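All of these numbers come straight from a predicted model, not from anything done at the bench. Here is how names work: the chains are called A, B, and so on, in the same order as the sequence lines, proteins then strands, and each is numbered from 1.
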There are 2 protein chains.
Amino acid sequence: MSRTESSNTTRTLAEAQDRFIAAWGQMGSAWGISRTMAEAHALLYIVGEPLNTDDVMDRLQISRGNASMSLRALVEWGLVSREHKRGDRKEYFRAEADVWTMLRTIVRERIKREVDPVLASLYDIRDMTAPARVGDIPVECAQALTDHNDRLDSMVDTIDSLHKLAERFTEGDGKKLRQAAKALSKIV
Amino acid sequence: MSRTESSNTTRTLAEAQDRFIAAWGQMGSAWGISRTMAEAHALLYIVGEPLNTDDVMDRLQISRGNASMSLRALVEWGLVSREHKRGDRKEYFRAEADVWTMLRTIVRERIKREVDPVLASLYDIRDMTAPARVGDIPVECAQALTDHNDRLDSMVDTIDSLHKLAERFTEGDGKKLRQAAKALSKIV
DNA sequence: TTTTATTTTCAGAAAGTTCTGAAACCATTG
DNA sequence: CAATGGTTTCAGAACTTTCTGAAAATAAAA
């Protein structure tokens, strides 16, 4: 019998871990890092102790090349560190960062790559249409332009707020995140 | 000479709009809806008035099939509505939702699909390892297990906070978002 | 130095996603 | 009803991303 009303038919710890690894991998790929990379990080984080390339290959059922590349990428992102064991020529990898740091790292990168250009282009359009507000234009155009400007402004505001919010979060640590979540539940 | 120190070499409004559409499309695809779909929404939103399939095809340089599918998907997501014009047999599409609604819709969907499974699997693991806390186990294992549980707890906390935060945001409207962003800047 | 263990690299394979275009479909008009 | 204008569908094309596996590189051991 199930000890708790656990949502799935998970029997062993390893199975539960695998399910987590899979779910985290799924989420990682949704957030723009490759599934394998996210899975490798999840594995290293959940087992807690350093694993070598073969361990990762075996557990994740992936090729050597893929394991090598993914682990290297994780090291480059600063989410995993290399480690050596006495009397063992293999290289070991340890999850350096916690989940929040990983999330933060990814989100930061994303903001730079995706949100910034959107904001820049919005500011651009706003700059270009701004003079229309003061110039004397046919009456039938005036309303359309006002609408356009309003829409633009609301857009800029939204993206801007989101941007600032995300930046603020990614500055803090996990504790701050929880603190903020709590505070927000009272405000909003 | 440039009227403002606009970040790009944009000359006309149409160009600026195109740049925005492209940026928004980029971002959309990063958030899990197809680039074309995001571009179509951006186009409809920025022009403000309803466009027909051909307008969208022309402006976005896409095939009829693609336009039809993308627009239909937008309608299904509730982000765009169909509209008819008297004396015109063509069907028109109008951006119904503002940017915040679109973002919210996407984020909601994502949470359900990606964050929920992660949380579920975490709770699962926690449930399975919980009895180890009270059972009498070899001393050398105790520390490892405590570490494991700590790591797990911190993970659950982080994802949980994030989840709650996202849900809270997606409940409110754009005004609430801005309000929250402002409030948060004082707290965190 | 040669041998052996391990890691990295990268061309192409596999898988996944998005797009096209032509045919089928639907609705209105003559 | 047939013709016309418009929309949807979907098989396969094109493109993108990710993965493999074997060869090349590196490093330690003999």
Side-chain angles (χ1 to χ4, degrees), chain A residues 21-22 24-43 50-77 80-94 106 109-110 113-114, chain B residues 21-22 24-43 50-77 80-94 106 109-110 113-114:
Chain A
I21 291 169
W24 189 252
Q26 189 63 33
M27 189 160 139
S29 75
W31 278 83
I33 72 169
S34 91
R35 189 168 46 75
T36 305
M37 210 174 131
E39 285 188 350
H41 182 258
L43 171 59
L51 300 181
N52 63 40
T53 308
D54 292 86
D55 295 335
V56 175
M57 284 169 63
D58 291 351
R59 185 82 187 257
L60 260 43
Q61 299 274 48
I62 57 172
S63 72
R64 187 169 297 283
N66 195 6
S68 173
M69 305 249 269
S70 299
L71 288 169
R72 185 154 69 89
L74 283 172
V75 171
E76 270 164 15
W77 280 58
V80 158
S81 64
R82 290 172 195 275
E83 210 159 288
H84 287 277
K85 277 197 168 135
R86 305 213 165 283
D88 191 340
R89 281 170 63 178
K90 284 201 180 69
E91 204 155 23
Y92 284 75
F93 298 88
R94 177 196 290 278
I106 299 170
E109 188 64 21
R110 289 237 128 174
R113 283 215 317 262
E114 266 107 37
Chain B
I21 290 169
W24 189 251
Q26 187 64 31
M27 189 161 140
S29 75
W31 279 83
I33 72 168
S34 91
R35 188 167 48 74
T36 306
M37 211 173 130
E39 285 187 350
H41 182 257
L43 170 60
L51 300 181
N52 62 40
T53 308
D54 292 85
D55 294 335
V56 175
M57 284 170 61
D58 290 350
R59 185 81 187 258
L60 259 40
Q61 298 275 49
I62 57 173
S63 72
R64 186 168 300 282
N66 194 6
S68 172
M69 304 247 270
S70 300
L71 288 169
R72 186 154 70 90
L74 283 172
V75 171
E76 270 164 16
W77 281 57
V80 158
S81 64
R82 291 173 194 276
E83 210 158 289
H84 287 277
K85 278 199 167 137
R86 307 217 162 279
D88 190 340
R89 281 170 63 180
K90 283 202 181 68
E91 205 153 23
Y92 284 74
F93 298 88
R94 177 196 292 277
I106 299 171
E109 188 62 20
R110 289 237 126 174
R113 282 214 320 259
E114 267 107 37

Checklist entry - Starting at the 5' end of DNA chain D, which residue's closest nucleotide do you reach first, A:Thr36 or B:Asp54? => result B:Asp54
Next on the checklist: Between A:Arg35 and C:dG16, is there a contact of a side-chain N or O with OP1 or OP2 at under 4.0 Å?
Outcome noted: no
Checklist entry - Can you tell me if the side-chain N/O atoms of A:Ser68 get under 4.0 Å from OP1 or OP2 in C:dT8? => result yes
Checklist entry - Just how far, in rounded Å, is C1' of C:dA22 from CE of B:Met57? => result 13 Å
Checklist entry - Between CG of B:Asn66 and CG of B:Leu60, what distance do you get to the nearest 0.5 Å? => result 8.5 Å
Checklist entry - How is B:Arg64 classified with respect to the nucleic acid when contacts are heavy atoms under 4.0 Å: base, sugar-phosphate, or nothing? => result base
Item to check | Minimum-distance pair of heavy atoms, taken over all atoms of B:Ile21 and B:Glu39 | outcome: O-CG, 3.5 Å
Checklist entry - Roughly how far apart are A:Thr36 OG1 and A:Ile62 CD1, rounded to 0.5 Å? => result 5.5 Å
Item to check | Stepwise side chain to side chain contact (heavy atoms under 4.5 Å, CB included) check, B:Arg82 with B:Arg72 | outcome: CA-CA 9 Å; B:Arg82 291 173 194 276; B:Arg72 186 154 70 90; 4.1 Å; yes
Next on the checklist: To the nearest 0.5 Å, what is the distance between CZ on A:Phe93 and CG on A:Asp55?
Outcome noted: 10.5 Å
Item to check | Rounded distance (nearest 0.5 Å) linking atom NE2 of A:His41 with atom CD1 of A:Ile106 | outcome: 8.5 Å
Item to check | Over all atoms of both residues, closest heavy-atom pair of B:Met37 and B:Leu74 | outcome: O-CD1, 3.6 Å
Checklist outcome for this item: Between A:Ser34 and A:Gly65, whichever has its closest DNA chain D nucleotide further toward 5' is A:Ser34
Item to check | Terminal contacting nucleotides, 5' and 3', DNA chain D versus chain A (heavy atom, 4.0 Å) | outcome: D:dT18 to D:dA29
Item to check | Nucleotide C:dA5, atom C1' - distance to OH of A:Tyr92 in whole Å | outcome: 13 Å
Checklist entry - Looking at A:Leu71 and A:Ala40, what are the two nearest heavy atoms and their distance? => result CD2-CB, 4.4 Å
Next on the checklist: So which atom in A:Glu83 and which in A:Pro50 form the shortest heavy-atom distance, rounded to 0.1 Å?
Outcome noted: OE2-CG, 3.4 Å
Checklist entry - Which whole-number value in Å describes the distance from A:Glu76 CD to C:dT8 P? => result 11 Å
Checklist entry - Whole-Å distance between C:dT28 P and B:Glu91 CD? => result 11 Å
Next on the checklist: Using a strict heavy-atom distance below 4.0 Å, which residues from residues 80-90 of chain B are in contact with DNA chain D?
Outcome noted: B:Arg82, B:Arg89, B:Lys90
